[in-house]
Structures are given as C-alpha cells and as structure tokens.
Amino acid sequence: MTKEHDIANAADMPKAYDPGAVEGRIYVWWEESGYFKPSDSDADPFVIIMPPPNLTGELHLGHALTDGVEDILIRWHRMLGQPTLWLPGIDHAAIAVHVLVERQLAAEGLTKYDIGREKFLERVWGFVNNSRSRIFGQHKRLGSSADWSRELFTMDPGPSRAVRAAFYQLYQAGLIYRGERLINWCPRCNTALSDLEVDHEERDGFLWHVRYPMLDDAGQPSGGYITIATTRPETIVADTAIAVHPEDERYRAFTGKKARLPIIGRELAVVGDDAIDPAFGTGALKVTPGHDPVDFEIGQRHNVPVVSAINPDGTMNGEAGPYAGMDRFDCREAIVRDLDAQGFLVKTEPYRHSIGVCDRCGTIVEPLISEQWFVAVNKEYEPGRSLSGEALRAVTDGAVQFLPPRFTKIYTNWMENLRDWCISRQLWWGHRIPVWYCDSCAAVNVPPPAVEAPESCDACGATSLRQDEDTLDTWFSAGLWPFSTLGWPDDTDDLRRFYPTDVMETAYEIIFFWVARMIMMGLFCMRERGDAFEKRVPFRYVYLHGLVRDDDGQKMSKTRGNVVDPIGLVDKYGADAVRFTLVTAAGTGQDQRLREEKIESARNFANKLWNASRFVIMQLDPSQKVATPSLADRASLPAEDRWVLSRLEKLVAEVDRLLNEFQLNEAGHRMYDFLWGDYCDWYVEVAKVRLRQDGAADPRPVLVHVLETGLRLLHPYMPFVTEELWGRLRPFMATPPSEALMIAPYPKSDAAWRDEEAERAVDGVIDVVRAIRNIRSEKKIEPSRPIEAYVVSNDARPAIEAGAPYIEALARVQPLHIVSDASEAPRDGVATAVLPHAQVIVPLAGLMDAGAERSRLEKEIAEAEVYAKRLQGKLSNEQFRSKAPRDVVAAEEDRLAAAQTRLEGLRRALEELG
RNA sequence: GGGCGAUUAGCUCAGUUGGCUAGAGCGUCUGUUUUACACACAGAAGGUCGCAGGUUCAAGUCCUGCAUCGCCCACCA
C-alpha cells in the first residue's frame, strides 16, 4: 500500500516543489489506501467528505479558513490518538452548491422556479454526489454520512427525521406557535425574515411633519391640531391612533380625545404611552400597528385596531384608498404631495436614519402583519427553563466556552434580549413545515415524526389534509445539526459517544445564526439527559476565527464582487500554502487581509521543506536504514546534534502548549521558524561539513530524525507536502512509526532532550560565523576568497574548537586561529567583532580603512555603553533586587557581565587601532 | 444610544499568565550561479509600540481618559 512511496532516491524529485502534482497524487493515494474511507474500527472514526471541486467564487476564503482550522484540529487529535474530537462544518458547502446550481440554471436561461423544487434539489444532490475535492477536507463522523449530507445538501424535507422530531417536541412543549404577527417581509424574496436576517443601513431620508386635526366630543373639528413627524408617510393610510407621552404637558388636553386622519378620514384615538420620547420630533407619534414594530406593541397595549395597507409585493392595497395599487414608494411621493396640497404638511426636513434591509438581496424590508410560525424563545417549558434562559446559563456557567473569550459577552447580550424567532419561510430551500391543515375543520395537525403524513384530521377525522406550503428557516434545521447527524432522535451509539463534541469552529459572524441556535436546540432536545449542562450542550468550546477581507480591508461578499476564489489560489500555490497562510496570518478571532504575497511565501516554505528533504534523501542509502537517535547515546553526540535535538524538543513542547490553547497561528510560526531557521539554515549546513569530512560523526540519524519529526509536527498545517516528503523518507527509517504520516503519532515532548549547554555552545559558534560574515560583507571581501581569522576565547574555547570546521566552512575562514588571549592575535590592520563570549579578529592588511573601522567601533561602544548603563541602573535599584524574581535578577546580571566584557573588548580594539 | 476590536518597521501583521537591547513575511539596499533550494543564500538599513496620565522594581503587554479607523447590537417615529 505504500507503493507510491517506495522511492529510494532523490533523482525523481524535481528541483522545485510542484503542489499540483503532489496534491493530486496524495489525494488519490489517501483514497485508495482507505484512510479517508469509513472504517469499522474505533481507531479511525473519521471520514472526510468532499465539497465540489469547482466552486468558484462562491466558496470563498473564509470557508477555506474554517475548513483549514477544523482540519488542523482534527488531524492533530487523530495523531494524538484522541479521535473523539468532532466538528461540524458543512453548512457553507450546502449553500455554495445551491448557489452554484442556480448559476448553472442561469446559464441555461432558467431559474429554479422554472424547474420546480423537486428537480432543483435533484440537481443539487447530483452535483454533490458526483464531485470530490482534493483540498478542503470536510470531516464527518462515519456512519450515516450519506444520509445526513443528503439531508443537508438538499434540505430535502422528506427524510428529515430530526427536524420532524424537534419540531414536534417543541410544539408539544408549547414552544412553537402560529400567529398573526408583525414580521419582517422582503417584497423581493417574497418571504418572511427573522430579525437576524435584516441588516440595518444608514440612509438619507426626510422627516415629514404632518398635522392631524383634532375632533371635539361630537366628532367635529375642534380647530386644534396635533402635529406628528414621520419618515414613512405612506403608512399614514394605516394609522389607527396617535400616541403621546402621558406626562407631556403639551398634549395633556388631547389625551383621550380623537383626531381625524388626513386624506383617509379615519378617527384616531390619542393615547398616552411611556414608550414615547417627548424630546423627539414633535413628541407625538402616529401609531401604525400594521407596519411598524413599535407601533404594533403600542397598539397591543391600548387595544388599537390594526390596518394593513401594503401587500406582500410592496404595493398598496384597498386600505390605502386613492393610493391603492401604487408601489409603496410611489405612494410616499403622492401622499406627501397631497398632504401638502391640502395643507396638512407642516414642514419637511432632511433626516438620516437607519432602515431595515434584506440581508440576502438588499431590498428595503417591509414590516407586515402576517401569519407565521414562531419559536417562543423566552417561554418556560418547565419551571425555570426556557430556550434562551438555558442557553444563557450554559454559557455563564462555563459549560460552553468561547474563544477568544470576548465573544462570550456578545453572545450573552444577544441571548438576554432575544425575541420570538420567526421560523417559517416562503422559500423552497429548507425543510417543509411538518404541519397539516384540515380542509374541513381547519384544525392544525402536528403529527409525531413516526407518521410520515397524517391520513386524517385529529379533530374531525376528515381525510382532506394539506401540508403547510412554507419551509423552515434553514437555521432551524442547521441548529439541529450536532445531533441530527448522530442519529437523533434515536439514542444511538454515535450520539452517546460524540455528543457533546469538543469544538465548534466557525467565523464570529455566525454566532447568532448558528452557534446560539445549536446551543438552544441542544439543551432542549437533550433535556432527557438531566440537569447538567455539560451533558446537554452540543460542544464545549466555540473557536471563532476572524473574517478574511480583501486587500483593501473590505469584507468579501458576493454582492460586492470582491470574493477571492480559493481554488484559483490553490491551483497556483497549493492547498498547503493557502491553508498555512490563512491560519497563521492573524491572531485568534482577528480579521485578516488576504494578500497573494503571503501565500507565495507559504509556498516558498513548502518548497524549502521539499528541497531540504531532497538533500537529506540524497545522502541516504536504502540498504542502510537510519536509526532514531536514542537518549542513551546522547552523550556521544556532537554538540550541534544535541543543539538541534534540544531545540526540537522545545518546539514540540511549545507547539503542544499552543495548540492546547488554540493559538494556531503562533504554533505555525514556531514550526516555520524552527524548520527554516534552525534546521535548514544551520543544522543542514553543519551536517554538510560533517558529511564531507572523513571520520566525522555521521549526521544522518539526526538529520532524518529532526526532519521526520518536524514533518509530523507540521502535518496538520500542511498535510500534502508533509505526507509526500514523509513518505519518501520513510523507506530509510529503521523503525518508522506508521505506514502513513496522517496516522503517525504526533510528536511528544520529552524534557530529557533539553541540553542548555549544547545550545549555548553552538549558539556561540553561530555568533562567530555571523560576526565573520558581517565583517566580510562590510569590508567587501570577495565571497569566494578564504580569509584568515582569529577567535579569542577563554570560557567558550572548547565549544569554538569543536565548531572550528563549521566556522571555516560557513564563514570561509582559512586559516582559523583559536587563541586564549587577544595578545596572541595581530593588532594592526584588523577588523574586530566583540561577542559576549568571544572576540573575532580579522586581519585585513591592505583592505583596511582605519578611519571607517574606528567610527564603527565608536558607534558600537556608544550603543553598548547605553545598554550597560541601563542594566547597571536596573541592578543598582534595591527595589528591583528585592522585588523581582530571583531568576530575572540573575538573568540581568548575566547580561550586564556579558555587556561589560563586550565593552572592554571593543575599547581594547579601539585602542589598538590607535 | 450601547458594546467590541484595531492603532507596533515603507506595506500586511505576530507579540495570551507584565522581564525585549520589540519580531516575521513582503518591500528596499549591498553582495552571491557556496554541488537541497534564485520559490534560494549571506549581509544591512528601517520602529520614542496612536496620544496623555496612572499602577508597578519593571509596561508594547495592566488601569483611566482622549483621538482616529472599523465592526456588531439597538423599536427612537
């Protein structure tokens, strides 16, 4: 099964990493080897499902980020041998497919309405079923994956048992009701919307002041007027009262009297209500319960009749008298004109205010009275328990934790002010409302889920029933996702084992739509599990990532047309590069701007790994397998081996810590820094020297081990390159930990590998190399020409001597003199670098510019003096010495000592320069 | 009207229990066909961490206020 990876030489590795070739091959290999397929064993409980490969434009980078984070967490847990982590994450793919199918239809000159609901869903499902992707692994607990994905992708009302069950249970508990309410209506989409689906936009408008004639007790004009201000004069035709603040002196005389509605002529009662702000406008409000949510509530309080004057399509109806049939905005103009002509318009002032807009299409939403289904979110279904109350307490009690924690407050604020949730939609995509009406007695039948469709009416027994035409808000269905996918309402093994899951991962903008609803639904539907929130919540952590914005910082949106197609970027730079960039580019929960250069540099990182592996493989011989370095033999290893192993160990420990804290970006950065900076730039270069040198210790075991471990660490972040490279390395390992990287154990920290002494020693050698390179560069010495150099060192002398071959090779020094005292080195015409534990002296003979060297040294001395002075000040402060932790004080003392040594060296060098 | 976030090198951003001569990538400058990699290597320049106070031995990090930008929520007609 590892046939693809039994490659024993580097000859077939191209010089540059080709993501396309690797990703395709790895994908096929994963599939053929069965790793991504459902398994019967508990050990491998994940299956990856694939969103369609060619979702261009619709599946944007935010989705890629979500998928990337989820995949990282899942792979990490799987490698840790903790397969119980399970994350939802499919919804956006479903939406994307719907949009895509709509687009396909458009290309054929059709709309979804032309082909009908059944055909439309059929196409959606066909699309999903025939496609696969090599990129964004969607994970799903194995089992009935076909069922749930079909359910989700098609929003097919038929087989949706969980939706039926939840609806039924909520209805039985009195939490779902049908009512005539004022709801948000989109005249273009022709559907009701929940409060959440309405966006508020600031727009310029006008505030029209209109006067209403007062009537005396006989119903005759009394000569008085009450002036009201409105932004929506077209709704005047539906006015049924006037409200003022009960304590407003100006209107006290009018309260309880009647007024006459201009144009229409209706009599309006003047009522007192606390909701009125006397300071706004004229202090008097026209009450239009049929077209304004505030007015609706005022109307309820004062028993004011409700008039609906606007049709669902946005035109005026018969109640609008002369304006019947007009569009609502044409009506506005006409009515303003008429009011003015008839002397009712007092004044018109420009006014900027916020208006509700459909979040799907941007059309101005019309509040309408309509019969819809609602969830009573604040109603107690048991003493002390309501959907919102439970959902609030589960979070305040800590059963669900938000990351980053600041989102907790956003959630609780919302939950505390929640109003009933309108769940019926006049759309096709969604599960159909499982309610049947009786044609003869009009009874409402909500049958238990076991009944597919009731045959007769519960109330009168008549057999003529019809199902509600409306569908459910998709978020109602989506809110059931954590357990509907696990077989609920049955008490399945899956449900027992995987509910609650560990982490819910999504963008912060989805908190209300989905996260909050899942928590509400979960707590209710799992109420049989008892009181403990821990058993009923759908997940313990909510990890929220930021939004991916475009280069200008704009939020990506389809309507704005600035969505970046992740597939195009994947084709260009590879899935690994795209994922690595998205995950590491910003802090947790922070928005990021996407710039292609970032992805390019992540691709370069992949290429770096590719070439480092290529180099390592070139040094290996398949007949001689390489053993893993063991702790027992560590003492015999050269310092640089112990150095890199020590640093690797620290990396492993840090990555473990960071991943446990969900600091994914930081963990990614650490791996990048280690693999590129420590391993490639230094260890590999040092190893080259040893490979060339007869009799030197064999670097190959460490070379392979560190690379192999690094690839394992990085695998969740860059699954494709790492799998490929690890697979190529595997044939050379004496004891490979597994057949494939994705099922290999995640590296574990073992502090015994730490070696501070080796780190100090090798860091000292690196400092020397850098110092000499710096001198070479500053003095413009030809890169290829070897130069003579002296390293003066006392305490670090053994380390420098051990590192001598590397100094010679990496800094091109020939010959290298290691001496214990500066007097043993030449003084004239030299460039000097003073390091904490060594001094580098490079004789320059003719190349030497004494003046330039002097000013350079002077500058360095000045800087070092400032630094040393600061440290001295700090250390001579008694407060610091007594209050700061001992190790901090000790560290400062070490720094000061080093700074002083350096300063002395610099001064001496300056003196010797004359 | 409330709430939240951001403000750190030319650009995009890290910096999560306060201890930093403040880092990365890109860009810039100077060099390099050094047999893994020019998707590279070596070297360098570049920041009073938005402003003003405060707490502390110590503040980019904590507190208060302010400014600018952005986001979310909200029934002010």
Side-chain angles (χ1 to χ4, degrees), chain A residues 10 13 15-17 200 207 228-232 243 275-277 279-282 284-288 292-298 351 353-354 367 404 406-407 409-410 413-414 417 508-509 511-512 546-547 551 553 555 573 581 584-595 597-598 600-619 658 661 663 665-666 669 672-673 680-681 684-685 688 770 773-778 780 782-784 809-812 863-864 866-867 870-871 874 877-885 887-889 891-892 895 899:
Chain A
M13 287 181 80
K15 277 181 90 167
Y17 164 59
H200 294 272
L207 198 53
I228 55 93
T230 179
T231 56
R232 303 197 55 203
I276 309 303
D277 175 5
F280 187 90
T282 62
L285 172 73
K286 70 187 204 56
V287 180
T288 321
D292 187 283
V294 184
D295 296 10
F296 183 80
E297 280 171 24
I298 295 173
Y351 185 63
H353 62 133
S354 96
R406 64 184 148 89
F407 289 111
K409 206 169 147 193
I410 293 178
N413 281 350
W414 186 76
N417 299 300
Y508 63 72
E509 56 178 351
I511 293 173
F512 307 138
L547 271 30
D551 208 356
K555 186 173 161 181
Y573 300 105
T581 304
T584 58
T588 311
Q590 218 57 56
D591 291 356
Q592 59 176 292
R593 293 186 195 203
L594 185 96
R595 316 187 90 219
E597 300 86 80
K598 286 186 198 168
E600 198 178 328
S601 90
R603 188 272 321 264
N604 293 351
F605 178 45
N607 184 57
K608 189 74 181 173
L609 297 172
W610 179 267
N611 275 295
S613 305
R614 201 160 75 93
F615 169 76
V616 171
I617 289 166
M618 283 167 84
Q619 313 307 320
L658 291 165
E661 292 173 8
Q663 292 196 57
N665 61 321
E666 202 51 30
H669 285 138
Y672 179 99
D673 291 344
C680 292
D681 288 348
V684 169
E685 292 305 318
K688 282 181 190 170
R770 287 204 167 119
R773 282 173 174 173
N774 184 313
I775 290 170
R776 294 186 67 113
S777 177
E778 283 199 353
K780 311 249 185 270
E782 294 159 56
S784 53
L810 302 182
R812 297 233 164 179
E863 281 169 5
V866 170
Y867 179 51
R870 216 172 68 196
L871 289 172
K874 202 173 193 178
N877 182 341
E878 257 325 298
Q879 296 278 13
F880 173 69
R881 299 198 84 100
S882 58
K883 290 191 178 169
D887 56 323
V888 172
V889 177
E892 294 293 322
R895 282 183 195 143

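To find a chain, count down the sequence lines: A is the first, B the second, and so on, and within it residues start at 1.
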Next item on the list: Would you classify A:Arg870 as touching base, sugar-phosphate or nothing, given that sugar-phosphate means primed atoms plus P, OP1 and OP2, and contacts are heavy atoms under 4.0 Å?
Entry: sugar-phosphate
Note to self: Does A:Gly281 reach a base, just sugar-phosphate, or nothing at all? Heavy atoms under 4.0 Å.
What the structure shows: nothing
Margin query: Could you tell me how far apart A:Phe605 (CZ) and B:A24 (C1') are, to the nearest whole angstrom?
Written below: 13 Å
Checklist line | Beyond-backbone contact of A:Arg812 with A:Ser784, side-chain heavy atoms, under 4.5 angstrom | finding: yes
Notebook entry, point to check: Under 4.0 angstrom, heavy atoms only, what part of the nucleic acid is A:Glu666 near: base, sugar-phosphate, or nothing?
Noted result: sugar-phosphate
Item checked: Pair of N/O donor and acceptor under 3.5 Å linking B:A58 base with A:Lys883 side chain -> no
Next item on the list: Quick one: label A:Ala586 by what it contacts on the DNA or RNA (base, sugar-phosphate, nothing), any heavy atom closer than 4.0 Å.
Entry: sugar-phosphate
Note to self: Measuring only the C1' atom in each nucleotide, how far is B:A40 from B:U34? A whole number of Å is fine.
What the structure shows: 11 Å
Note to self: Students often get this wrong, so: under 4.0 angstrom with heavy atoms, is A:Pro404 touching a base, only sugar-phosphate, or nothing?
What the structure shows: nothing
Item checked: Whole-Å gap separating C1' (B:A74) and NE2 (A:His353) -> 16 Å
Check: B:U12 C1' sits how many Å from A:Leu547 CG, rounded?
Finding: 17 Å
Notebook entry, point to check: Given atom CD of A:Glu892 and atom P of B:C20, what is their separation to the nearest angstrom?
Noted result: 8 Å
Next item on the list: Could you work out which one of B:A36, B:C39, B:C26 sits closest to the side chain of A:Ser601?
Entry: B:C26
Margin query: By the 4.0 Å heavy-atom rule, please label A:Ile410 as base, sugar-phosphate, or nothing.
Written below: nothing
Check: May A:Tyr867 be described as stacking on the base of B:U21, applying a 5.5 Å centroid limit and a 30° limit on plane angle?
Finding: yes
Checklist line | 5'-most by nearest nucleotide on RNA chain B - A:Ala229 or A:Asp673 | finding: A:Asp673
Checklist line | Pairwise C1' distance for B:U61 and B:G19, with rounding to whole Å | finding: 11 Å
Item checked: Residues A:Tyr867, A:Leu871; criterion side chain to side chain contact (heavy atoms under 4.5 Å, CB included); working and verdict -> CA-CA 6 Å; A:Tyr867 179 51; A:Leu871 289 172; 3.6 Å; yes
Item checked: Between B:C39 (P) and A:Arg614 (CZ): distance, integer Å -> 14 Å
Margin query: If you assign each of A:Asn413 and A:Phe280 to its closest nucleotide in RNA chain B, which residue comes earlier from the 5' end?
Written below: A:Asn413
Notebook entry, point to check: Which of these nucleotides, B:C11, B:C72, B:G25, is closest to any side-chain atom of A:Tyr672?
Noted result: B:G25
Next item on the list: Would you indicate what A:Pro783 reaches in the nucleic acid, counting non-hydrogen atoms under 4.0 angstrom: base, sugar-phosphate, or nothing?
Entry: sugar-phosphate
Checklist line | Residues A:Leu285, A:Asp295; criterion side chain to side chain contact (heavy atoms under 4.5 Å, CB included); working and verdict | finding: CA-CA 9 Å; A:Leu285 172 73; A:Asp295 296 10; 3.7 Å; yes
Margin query: Tell me which nucleotide, if any, is Watson-Crick or G-U wobble paired with B:G46 when both distances must be under 3.5 Å.
Written below: none
Item checked: Side chain of A:Gln590 (C-beta onward), nearest among B:A42, B:C26, B:A14 -> B:A14
Check: Among B:U12, B:G19, B:C41, which is the nearest nucleotide to the side chain of A:Lys598?
Finding: B:U12
Note to self: Regarding A:Arg593 and A:Asp551, does a basic nitrogen lie under 4.0 Å from an acidic carboxylate oxygen?
What the structure shows: no
Notebook entry, point to check: Ignoring hydrogens and angles, does a donor from either the side chain of A:Arg603 or the base of B:C39 sit under 3.5 Å from an acceptor on the other?
Noted result: yes
Next item on the list: Report the distance from atom CG of A:Asn607 to atom P of B:C41, rounded to the nearest whole Å.
Entry: 10 Å
Next item on the list: Answer with base, sugar-phosphate or nothing: what part of the nucleic acid does A:Gln619 contact at a heavy-atom distance below 4.0 Å?
Entry: nothing
Notebook entry, point to check: Can you tell me the Watson-Crick or wobble partner of B:U35, both distances under 3.5 angstrom?
Noted result: none
Item checked: Aromatic plane relationship, A:Tyr17 with A:Trp610 - under 30° parallel, 30 to 60° tilted, over 60° perpendicular -> tilted
Next item on the list: Please report, rounded to the nearest Å, how far the P atom of B:C69 is from the CG atom of A:Asp591.
Entry: 18 Å
Next item on the list: Give none if B:A67 has no partner; otherwise give the nucleotide forming a Watson-Crick or G-U wobble pair with it, both distances under 3.5 Å.
Entry: B:U7
Check: Which is true for A:Tyr573 with a 4.0 Å heavy-atom rule: it touches a base, it touches only sugar-phosphate, or it touches nothing?
Finding: nothing
Checklist line | Complementary nucleotide of B:A59, counting Watson-Crick and G-U pairs under 3.5 Å | finding: none
Notebook entry, point to check: Does NZ or CZ of A:Lys608 come closer than 6.0 Å to the centre of the six-membered ring of A:Tyr672, within 45° of the ring's axis?
Noted result: no
Next item on the list: Would you indicate what A:Asp277 reaches in the nucleic acid, counting non-hydrogen atoms under 4.0 angstrom: base, sugar-phosphate, or nothing?
Entry: base
Notebook entry, point to check: Atom CG of A:Asn417 and atom P of B:C72: how far apart are they, to the nearest Å?
Noted result: 18 Å
Note to self: Nearest to the side chain of A:Arg593, heavy atoms from C-beta on, is which of B:U30, B:G19, B:U12?
What the structure shows: B:U12
Item checked: Out of B:C41, B:C26, B:U16, whichever nucleotide has its closest atom nearest the side chain of A:Glu597 -> B:C26
Margin query: Could you tell me how far B:G50 sits from B:A77 if I compare only their C1' atoms? Round to whole Å.
Written below: 40 Å
Margin query: Give me the distance, rounded to whole Å, that separates B:C62 from B:G18 when you measure between the P atoms they each carry.
Written below: 8 Å
Note to self: Between the base of B:C37 and the side chain of A:Lys15, is one N or O donor paired with an acceptor at under 3.5 angstrom?
What the structure shows: no
Item checked: A:Phe605 CZ to A:Cys680 SG distance, which is reported to the nearest 0.5 Å -> 8.0 Å
Notebook entry, point to check: Heavy atoms under 4.0 Å, any strand shown: does A:Ile276 hit a base, just sugar-phosphate, or nothing?
Noted result: base
Notebook entry, point to check: How far, in whole Å, is B:G43 from B:C69 if one measures between their P atoms?
Noted result: 43 Å
Item checked: Closest nucleotide among B:A42, B:G19, B:C26 to the A:Asp681 side chain -> B:A42
Margin query: So for A:Gln592 and B:A14, does any side-chain atom that can act as donor or acceptor lie under 3.5 Å from a complementary atom in the base?
Written below: no
Check: What nucleotide among B:A77, B:C20, B:C57 has an atom nearest to a side-chain atom of A:Phe880?
Finding: B:C57
Next item on the list: Using a heavy-atom cut-off of under 4.0 Å over every strand shown, decide if A:Lys409 touches base, sugar-phosphate, or nothing.
Entry: sugar-phosphate
Next item on the list: Hey, could you give me the CD/CG distance between A:Glu600 and A:Asn604, rounded to the nearest 0.5 Å?
Entry: 6.0 Å
Next item on the list: Could you measure between the two P atoms, the one in B:U48 and the one in B:U56, and give it in whole Å?
Entry: 28 Å
Next item on the list: From the options B:G15, B:G19, B:C37, select the nucleotide whose nearest atom is closest to the side chain of A:Val888.
Entry: B:G19
Next item on the list: For B:G47 and B:A42, measure between their P atoms and round to the nearest Å.
Entry: 24 Å
Note to self: Using atom C1' in both nucleotides, what's the gap between B:C20 and B:A9 to the nearest angstrom?
What the structure shows: 16 Å
Check: Paired with B:G18: which nucleotide, if any, by Watson-Crick or G-U wobble criteria at under 3.5 Å for both distances?
Finding: none
Notebook entry, point to check: Nearest to the side chain of A:Arg773, which nucleotide is it out of B:C37, B:G15, B:A42?
Noted result: B:A42
Check: Once the angle between the rings of A:Tyr351 and A:Phe280 is folded into 0 to 90°, is it parallel (under 30°), tilted (30 to 60°) or perpendicular (over 60°)?
Finding: perpendicular
Notebook entry, point to check: Reckon A:Ser784 touches a base, only the sugar-phosphate, or nothing at all at heavy-atom distances under 4.0 Å?
Noted result: nothing
